[in-house]
Amino acid sequence: MKKILLLTLILATAALKSQEKVTLDYYLPANITYNENVPTPQSIIGHEVGEWHITHDKLVYYMQALAASSDRVNIENRGETFEGRPLLLLTITSPDNHKKIDQIQKEHLEISTQDGSAKSTNDLPVVVYQGFSIHGNEPSGSNAALVYAYYLAAAEGEEIEQLLKHTVILLDPSFNPDGLQRFAYWANTNKNANLNPDGNDREYHEVWPGGRTNHYWFDMNRDWLPVQLPESRARIASFHKWMPNILTDHHEMGTNSTFFFQPGEPNRVHPLTPKINQELTAEIGTFHAKALDNIGSLYYSEEDYDDYYYGKGSTFPDVNGGIGILFEQASSRGHIQESVNGILTFPFTIRNQFATALSTIEAAQHMRIKLLQYQQQFFKDALIESSKNKTKTIIFGDSKDAAKSWHLAEILQRQKIKFHQLNTDAVIDGKTFKKENSYVVPMNQRNSRLIKAMFEKRTTFTDSIFYDISAWTFPLAFNLDYTEVNSSTYLGEEITTLKNLTGTIGNLSNYAYAFEWNEYYTPKALNKILNKGIRAKVGKTPFSVEGKKYDYGAILIPVQNQELDPKELHAFLTEVAQESFINIASIGTGHTVGIDLGSSRFESLKKQEIAIIVGNGITSYDAGEIWHLFDQRYDIKLTKLDTDYFSRINLSRYTAIIIPNSYKGLDKNSTEKLKTWVKNGGTVIGYRGTTEWLAKNEFIDLKFIKDTLVAKDISYEQKKKFSGAQVTGGAIFETKLDRSHPINFGYKNNKLPIFRNTNSYIEPNKSSYNNPIQYTNSPLLSGYVSEEKLELLKNSVPFQAQRLGRGKVIVFTDNTNFRAFWYGTNKLLINAIFFSEIL
Ligand SMILES: [Zn+2]
């Protein structure tokens with residue numbers, strides 16, 4: 001056996017005095033020489049690492065310069081953020097490995113397949129994906145990436161050469177470029193020449209929404225499984241290209257803490273993660289412990305953080321044959337801050353991240369064969385598991401909504417899950433599946449565990465506390481019909497590349513056009529039609545014409561008396577159909593079965609001017625989800641009104657104002673202003689906490705079900721566990737719908753799964769027709785909820801709408817726009833806006 005040379009970590013241990021100028025030596029291992037042809041960070045970015053917060057553009061310059069100077073480093077741009085910043089990846093390994101990198105990549109991938117299940121792993125390099133600062137205001141990671149990349153490119157000697165011979169490092173220096181830039185701007189513009197550690201200084205108090213999130217205020221460390229954001233899409237593509245053995249995710253936490261590395265809470269590991277995964281995580285942890293001991297830094301593990309939700313960067317690898325590792329460093333948040341552990345300097349935080357980045361690859365090299373064999377065994381076991389049920393398939397689709405099904409198929413494609421066409425139209429378990437918008441997923445494939453993680457419903461748990469959501473069952477989030485069958489009867493051809501969505505329109509009509517409201521992108525179509533000044537109506541009753549049935553909520557566009565002549569109208573609607581992927585029918589007669597097209601059961605629709613309240617007091621995640629939905633999916637203009645100046649603006653141009661989750665609501669002047677605007681005909685839509693605020697301020701008359709739970713026989717020590725168990729952190733519940741109510745137009749089933757992460761319960765209105773959405777008597781579909789809270793939820797209502805003066809007040813206790821992947825409930829908000837007059 002070849003002798004593995006261990007990388008010895010001897011870091012300069014001298015403490016950095018708070019006002020002392022930092023030098024590169026502070027970070028780097030001592031007694032190592034560095035290649036002078038490789039530029040230091042300072043020579044490119046103009047300051048020492050840790051002196052200022054790195055902006056993303058400077059980080060890009062440095063990484064490019066580094067790659068240009070070193071034959072160990074290859075750089076690629078994998079796409080762009082919403083703000084147009086490059087998504088860089090550095091591949092770092094020995095120059096010899098670089099010459100045959102495609103071959104190495106191919107051989108590495110093979111060990112996770114049937115073909116490579118018996119292959120020797122002895123000579124294969126280990127693959128380590130190291131990513132930094134997915135939360136932009138946790139910047140020590142990305143700043144450490146500068147030193148780390150320099151070290152890997154410039155360090156000389158036998159140890160580093162041996163390491164690079166046996167390791168392929170995928171270095172992702174900034175997981176969240178837009179957030180990093182936003183935070184660097186804040187910390188740098190508020191920096192004092194005489195560094196000021198007083199935590200009250202403005203430097204340590206970012207303005208709303210802060211730099212944690214991306215452009216649309218998403219927490220990207222929740223998107224590894226749903227892959228809805230461009231940053232995640234790039235990194236998931238790299239992940240599946242390489243199937244890393246270790247993936248690290250460098251974060252920051254509260255200023256008064258120390259340093260955390262995984263494993264986390266032993267009781268809170270997802271049951272699909274093999275036990276040995278946590279053992280290997282712990283073994284890797286011994287390397288971090290040693291590295292931090294060497295520089296005298298405090299640390300801990302096996303507490304606080306968990307490995308449950310697979311949408312997090314440190315948990316996602318665990319269901320993909322790798323080991324995910326979370327690091328959390330106490331944050332200086334700016335350049336220097338007082339803490340219970342003394343003065344915390346920014347360079348100190350960078351040095352801990354650097355040290356553990358290095359101990360990660362030291363562990364990887366030391367455990368190389370073990371990690372590769374673990375990965376091989378993981379997929380071997382998964383294949384054995386899934387071949388026990390060789391013919392088991394999952395079928396999903398929506399006979400009236402191709403786009404929604406397509407978007408779930410798109411996730412499968414990004415996650416390298418194999419799926420097929422449905423070979424025939426079929427009714428299975430009473431559900432109708434159509435060939436053109438259904439998909440079939442065979443369970444007998446290498447990613448069977450990942451499929452389980454996405455599709456399973458789970459309602460029993462070993463613990464009652466969750467760091468994040470406890471359920472994410474994808475077909476429920478998409479509100480799709482789905483079923484499992486033990487037969488390959490329905491298996492059509494495999495889909496290797498999803499075809500683009502399309503839209504169609506009938507021939508030119510001189511009478512009318514119509515489309516059903518079910519398709520996912522119909523709001524985009526309707527908005528474009530109304531903005532063009534075209535008159536459109538919504539059908540409040542089902543009808544059929546010329547042999548085609550139209551359900552509740554169909555949109556009708558008469559041809560006569562429009563701004564456009566019949567030819568122009570047809571051309572315009574053709575464009576609408578193609579852009580929104582919908583099918584528009586042309587109709588030659590007004591005589592129908594059911595309501596005639598001239599009936600008053602067709603209600604005229606109005607062009608909307610929509611605003612959303614953002615800023616202090618509003619939950620930025622919830623606000624960002626809505627902004628993203630309108631801006632990216634529906635192409636609907638949404639004006640962001642900040643709570644700061646809300647009381648000073650004229651609201652008369654807006655038809656609808658959305659208030660995302662808020663616990664304190666608006667100030668007194670703003671509240672009065674909003675109320676007057678509603679009374680004059682506006683529609684206000686409040687979410688989650690805002691529901692209670694609207695009720696308290698007499699916008700709407702609601703009765704809330706009181707939670708009377710008290711702690712009995714609970715000791716002080718059990719307090720945290722007791723209250724933690726009552727949190728509804730994110731689970732999925734069943735509601736029943738009154739489909740004739742306009743809030744439910746576009747929903748073809750009588751049941752709708754809803755995501756809930758609140759503990760707010762509204763009593764049903766005494767008139768049943770005012771309760772169009774109601775939790776069922778046995779509502780838990782997937783996820784954790786305490787028995788007490790489940791009891792309160794039964795038969796309560798998540799939605800109410802009431803008149804106030806000439807306007808409307810509409811409330812949702814639950815988030816219908818969760819994290820961009822809850823496609824199933826997106827339409828409720830749109831219905832509340834476009835159909836508000838008939839609600
Ligand atoms: Zn974080």
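Along the sequence shown, residues are numbered consecutively beginning with 1. Only a predicted model underlies this, so the values are computations on that prediction, with no experimental measurement involved. Start at 1 and go down the list; that is how both ligands and their atoms are numbered.
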Which of these, D172, L171, L146, sits in a side-chain contact (heavy atoms from CB on, under 4.5 Å) with F132? L171
Among residues at least two apart in sequence or on other chains, which ones pass side chain to side chain contact (heavy atoms under 4.5 Å, CB included) with A282? P263
Under 6.0 Å between ring centres, would you say that holds for F478 and Y823? yes
Which of the protein's N, O or S atoms come within less than 2.8 Å of the Zn ion (ligand 1), not counting waters? H135 ND1, E138 OE1, E138 OE2, H251 ND1
Got a sec, which residues hit side chain to side chain contact (heavy atoms under 4.5 Å, CB included) with K191, two or more places apart in sequence or on another chain? E51, W52, L195, H335
I'd like to know whether the aromatic ring centres of F821 and F474 sit less than 6.0 Å apart in this structure. yes
Using the side chain to side chain contact (heavy atoms under 4.5 Å, CB included) criterion, which residues pair with K58? Sequence neighbours excluded. I45, H47, I54, T55
